[in-house]
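I have placed the structure first, in the form of structure tokens, so that the comments after it can refer back to it.
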Amino acid sequence: MEQWTTNRKHTRAWLLYDWANSAYATTVLAAVLPIFYSSVAAATLHPETAASYLGYTHAAGMLCVALLSPLLGAVSDLAGNKGRFLFGFSLLGILATMLFSTIGRGDWLLASALLVLSTIGFAGSNAFYDALLPDMVPSGQRERVSAQGYAYGYVGGGIMLALNLVMIQQPHWFGLVDTLAGTRLAFITVGIWWLVFAIPIFRVSGAFGKPALYRSVHSAPSALEGKRIRELLRPGMRNVMNGFRTLPRYPQLARLLISFWFFNDGINTIILMATVYGTAIGIGMTDLLVALLITQFIGFPSTLLFGKLGTVYGAKRPLLVSLAVYLLIVALGYFMTAAWQFYVLASMVGLVQGGSQSLARALFSDLIPAARTGEYFGLINVTGKFASIFGPFLFGLVGQLTGSVRLGILSLVLFFIVGIAMLCTVNVETGRRQAVESTPPVKEK
């Protein structure tokens, strides 16, 4: 029988972190930085060159995260403290985000370097944040809590984005001289927002001391606990390699991972390419930003709804429903011609985006051996990042070969079909049993 040392305060702290760092995802990644990069940082470059450099920078940042995450996840398992890694990566992301405010005209190299660092901080901290879920919440409740996390993120990110857009479009309301000053202030406010609302999870996860929320499977001290990070790197690397070798022992987890590679690639491609696609077919920038806000605020109640559905029916069935909706979104996107249709599709994305991601996270947490959550979430992170290369690549390749971005978006149907087919083969109960059977017995104190 698992013994829990968590409480509602700790759960709220975990939820608030999604509220905190979603400001980076909405303001920096999705809305403000792409425009700021091309119009200010890379203003001295040809527009197509600037767009390419931005794409290469995103790829470089995600490659760094992909290479680091499994090793650091394994090290955090050995050290028995994920909170310190969560704090370190978060601080890196926060500082890099705030330093965007110092970028001047033509500073594209500095902007690219800061984007790589902030990407490492954001994605790296998320890997440890996700890995804390099974440490805090028992099986059967993770669907609900995971969904609440994404819902908090939608509201927090939406509020910050709305404030930042007003800051940029009406700078005189804030005593600023122009739009550029509003943009610089937006970067600073995102960093402050991220830091302030992340403090509760830093405190309870052990960033500043002993973790307050680990369940008993982690309460028996490891022989390596307390050692310095450099002393854990070699055993951590062994654990990473062991994770790859032992994955076949968990066939249901392996099937879920393959499914995730495909459908998550499709979802990420829609997120990354929506603005590019909308612009290419003639949707105005104002309409694109409004649609992004619509996605954020519809995402809040719908993600909570999917969390409740996951608690009642299990994560798998509502996840399949959400992926079927994505299939419909891609098909309708092919025929889209007007701004109001873009709003409809944005609403549909908001309906299922948070639900699909939160349910996948909860499903993984049930199928991963309890003592190796950091290691396996790191493995999921690295393979997911590498797999995510193919969706944007296929979108661009099909569009280039056919001369039609519409066919490029339609090509994403393949990712959702394969992902759904693989997910249908996952036996959740068998996977849970395999994960439990592999967990070492808890030592009595």
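- For Leu345 against Gly333, the heavy-atom pair with the smallest separation is CD1-CA, 3.6 Å.
- Of all the heavy atoms in Gly354 and Thr303, the pair that sits closest is CA-OG1, 3.5 Å.
- Side-chain rings of Tyr129 and Trp14 approach one another, their centers coming within less than 6.0 Å.
- Within the 3.5 Å criterion, the main-chain N or O of Val349 finds no donor-acceptor partner in the side chain of Gln353.
- Contact record, Leu92 with Gly121: CD2-N, 4.1 Å, taken as the closest heavy-atom pair.
- In this structure, the side chain of Ser302 does not engage the main chain of Val352 through any donor-acceptor pair within 3.5 Å.
- The structure places CG of Asn21 at 12.5 Å from CG of Leu195, a figure rounded to the nearest 0.5 Å.
- A heavy-atom distance below 4.5 Å is not found between the side chains of Leu323 and Leu327.
- Side chains of Trp19 and Trp193 form a contact here, defined as non-hydrogen atoms less than 4.5 Å apart.
- Under the 4.5 Å side-chain criterion, counting only non-hydrogen atoms from C-beta, Leu319 is not in contact with Lys316.
- Atoms OG1 and CG, from Thr183 and Leu165 in turn, are 9.5 Å apart once rounded to the nearest 0.5 Å.
- Across all their heavy atoms, Arg406 and Met336 have their closest contact at NH1-O, 2.5 Å.
- Distance check: Tyr326 OH to Phe263 CZ gives 10.0 Å after rounding to the nearest 0.5 Å.
- The shortest distance between side-chain heavy atoms of Ser90 and Tyr17 falls below 4.5 Å.
- At distances below 3.5 Å, at least one donor-acceptor pair connects side-chain atoms of Ser146 with backbone N or O atoms of Ser358.
- Summarising the geometry, atom CG belonging to Leu161 is positioned 4.5 Å from atom OG1 belonging to Thr27; distances are rounded to the nearest 0.5 Å.
- Here the side chain of Thr119 pairs no donor or acceptor atom with the backbone of Gly61 at under 3.5 angstrom.
- With rounding to the nearest 0.5 Å, the separation of OG1 in Thr179 from NE2 in His172 is 10.5 Å.
- In plain terms, the two heavy atoms of Val330 and Phe416 that are nearest each other are CG2-CE1, 3.9 Å.
- Contact annotation: the side chain of Trp194 approaches that of Thr97 to within less than 4.5 Å [non-hydrogen atoms, C-beta and beyond].
- Tyr24 and Ser118 form a side-chain donor-acceptor contact under 3.5 Å, judged by distance and modelled atom types alone.
- When ring centroids are compared, Phe306 and Tyr150 stay outside the 6.0 Å threshold.
- For the pair Asp265/Phe260, no side-chain contact is recorded, criterion being any heavy-atom separation below 4.5 Å from C-beta on.
- Between Phe100 and Phe36, the ring centre distance reaches or exceeds 6.0 Å.
- Other residues, nucleotides and ligands contribute over 12 non-hydrogen atoms within 6.0 Å of the OH atom of Tyr154.
- Crowding of Tyr313 atom OH: a count of heavy atoms from other residues, nucleotides or ligands under 6.0 Å not exceeding 12.
- Residues Ile420 and Ala324 share a closest heavy-atom pair of CD1-N, 4.1 Å.
- The shortest distance between side-chain heavy atoms of Leu163 and Phe174 falls below 4.5 Å.
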Go through the steps to decide whether Ser322 and Ser356 satisfy the test side-chain hydrogen bond (donor to acceptor under 3.5 Å, both in side chains), and finish with yes or no. CA-CA 6 Å; Ser322 70; Ser356 61; 4.5 Å; no

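- Note: Gln296 CD to Met160 CE = 12.5 Å, rounded to the nearest 0.5 Å.
- Crowding of Tyr343 atom OH: a count of heavy atoms from other residues, nucleotides or ligands under 6.0 Å exceeding 12.
- Remark: the backbone N or O of Ala346 is paired with a side-chain donor or acceptor of Thr295 at under 3.5 angstrom.
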Could you walk me through whether Ile120 and Val116 pass side-chain contact (heavy atoms from CB on, under 4.5 Å), step by step? CA-CA 6 Å; Ile120 293 172; Val116 169; 4.0 Å; yes

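- Annotation: side chain of Asp18 is not in contact with side chain of Gln148 (no heavy-atom distance under 4.5 Å).
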Are Leu414 and Phe262 close enough, and set up right, to give a side-chain contact (heavy atoms from CB on, under 4.5 Å), and what steps lead you there? CA-CA 8 Å; Leu414 172 67; Phe262 283 93; 5.8 Å; no

